[in-house]
Amino acid sequence: MAGNTHKFQAPKGTRDFYPPAMAVRRYIESVWREVSINHGFEEIDGPTFEHLELYTAKSGPGIVSELFSFRREGGDADYALRPEFTPTLARMYASAAQTLPKPVKWFCIPNFFRAERPQRGRLREFFQWNADIIGDDSPSADAEVIAVTVGVLEKFGFTPDQVKVKISHRDVVRDLLMHLGIKEQDLQTTFELIDRRDKIPDHEFEASLGQLGLSIDRIYDIKRLSGAPFEIGEEYQIAEYFEGVPKSGIESLERLGSELRDRGLRPWCHYNFSIVRGLAYYTGTVFEVIAEGERSVAGGGRYDKLVELVGGPLTPAVGIAMGDVVLRLILEDRGLLGETEEYLPRPDVFVISALDDDGGQMRKLVADLRRSGLHARHSYRATKNVGKLLGEAGKVRARFAVILGKELEDGAVALKDLESGDQREVKVELLVQTLKDALGK
RNA sequence: GCGGCUGUAGCUCAGCUGGUUAGAGCACCUGGUUGUGGUCCAGGGGGUCGAGGGUUCGAGUCCCUUCAGCCGCCCCA
């Protein structure tokens with residue numbers, strides 16, 4: 001055993017999940033799943049790898065260097081481990097579009113792979129919750145996706161002062177920028193500039209805008225636009241501030257704002273036009289979940305062209321994705337994760353034999369308990385020391401202990417409540433029912 | 001792809017300017033003998049000091065390479 005321990009290491013950027021870590025992972029997944037289902041989403045999944053072209057079709061050839069791609073020995077098809085779910089989702093929807101109701105609300109919790117250098121909040125394999133509504137182009141669908149996201153955040157125990165949903169809208173930003181004098185061919189550059197606003201010095205930001213031919217006043221307007229957030233429900237302020245801007249974008253924001261207010265989401269949300277994520281394919285509303293000092297926890301938006309891009313009918317869609325890596329960091333930082341052991345399943349009953357030879361009774365009893373649906377364990381240690389065995393029962397956080405001893409001659413066992421310490425004798429044939437009653441099962 | 005820091009038992013670390021068979025706490029296992037718990041006592045297993053090479057009489061301790069981790073840059077679907 002010694003010596004070969006270091007022969008193989010887990011690949012860079014991957015994680016091993018030992019029981020406590022796995023229990024935490026299941027907890028996170030259970031929150032995602034439960035809230036998704038409560039909001040009317042149905043769970044799906046797709047293949048772990050797809051044809052490489054599915055990803056290059058959406059993101060361009062540059063994406064390949066970020067993918068784990070491969071070709072079979074002797075084969076001629078290129079594949080890639082999935083780096084995200086949306087292409088698979090679009091493909092799945094496109095190939096079944098005729099038979100699917102509108103809209104469909106789907107969620108999934110797959111693992112993804114990206115060939116990037118690991119750093120804080122980023123690994124090469126991670127888990128990510130996705131929730132999408134396909135076939136509904138109304139602001140209501142956008143709001144519903146934001147609602148399920150906030151539902152997840154609340155379920156994890158976050159409060160609106162800890163995490164925020166930043167909302168933007170491509171059309172609004174485009175209209176505002178063009179209204180402020182940005183030429184259409186400079187839009188992309190300006191988007192990227194706004195996206196990098198926090199990373200570059202103020203004078204550099206201003207200088208770059210100046211190079212696009214903007215006056216000092218207009219540069220100030222754009223700084224205002226990409227700076228402080230706007231409240232939900234105060235869209236008129238935006239319209240007033242940028243007087244003369246086309247109405248259509250603002251109106252769609254107003255409808256979204258109204259939908260968010262109806263759902264009681266206002267404390268969690270605000271407009272922030274510095275969010276410019278996913279320019280490549282987002283078409284309307286875009287949003288990000290942000291916690292102070294961390295990279296974004298979740299992001300999403302409307303992508304009305306994607307299903308068509310993979311060969312389906314023109315179909316509106318909106319979705320969100322939340323990865324587990326940044327989420328864990330924030331949960332830990334906010335003290336919302338307990339000790340990992342607390343997430344391990346607690347045994348209902350721990351069976352102890354104090355007899356030198358119980359004639360197989362302990363094994364039979366454990367088997368009966370398990371057959372009746374209870375989580376039953378016993379020790380693998382040789383000792384008959386009841387104290388030590390009870391210690392083990394306590395360590396695995398069992399709720400009850402059953403002790404086989406001399407009372408077995410009368411067909412009874414000792415049943416001890418490990419939390420209260422109360423103990424009583426119970427006839428063996430009544431044990432299962434007694435335990436079930438006590439456990440409320 | 002680029003840069004900085006780090007790498008000693010399962011975990012957290014100690015090991016002074018290179019010098020006898022590499023340590024502690026926690027965890028784990030066994031026992032404290034004939035039935036009551038996370039305490040206590042005693043004992044035990046486990047490390048070729050990330051790996052490879054070099055300098056040296058001698059390296060965990062110095063140098064090079066490599067792998068991995070952390071933190072940034074690029075990128076971020």
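Just so we're on the same page: letters track the sequence lines, and every chain starts at 1. Because the structure is predicted, anything quoted here is derived from the model rather than measured. For the numbers below, each heavy atom of this structure counts, side chains included, while hydrogens, waters and symmetry mates do not.
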Check every strand shown and say whether Gly421(A) touches a base, only sugar-phosphate, or nothing at a heavy-atom separation below 4.0 Å.
base

What contact category does Arg381(A) fall into here, base, sugar-phosphate, or nothing, at under 4.0 angstrom with non-hydrogen atoms?
sugar-phosphate

With heavy atoms under 4.0 Å as the rule, sort Ala414(A) into base, sugar-phosphate or nothing.
base

Would you mind classifying the nucleic acid contact of Gly60(A) as base, sugar-phosphate or nothing, using non-hydrogen atoms under 4.0 angstrom?
nothing

Looking only at side-chain N and O atoms, does Arg295(A) come under 4.0 Å of OP1 or OP2 in C71(B)?
no

Give Thr383(A) one of three labels, base, sugar-phosphate or nothing, depending on what nucleic acid heavy atoms sit under 4.0 Å from its own.
sugar-phosphate

Nearest-angstrom distance, P atom, U33(B) to A42(B)
16 Å

Between Leu418(A) (CG) and U36(B) (P), how many Å, whole number?
15 Å

It should be established whether Lys395(A) places a side-chain nitrogen or oxygen under 4.0 Å from OP1 or OP2 of nucleotide C28(B).
yes

Answer with base, sugar-phosphate or nothing: what part of the nucleic acid does Glu419(A) contact at a heavy-atom distance below 4.0 Å?
nothing

Determine the Euclidean distance between corresponding P atoms of G15(B) and G7(B); express it in Å to zero decimal places.
11 Å

Which label fits Tyr27(A) and Tyr343(A): parallel for a plane angle under 30°, tilted from 30 to 60°, or perpendicular past 60°?
tilted

Whether Trp129(A) and Trp32(A) hold their rings parallel, tilted or perpendicular, with breakpoints at 30° and 60°
parallel

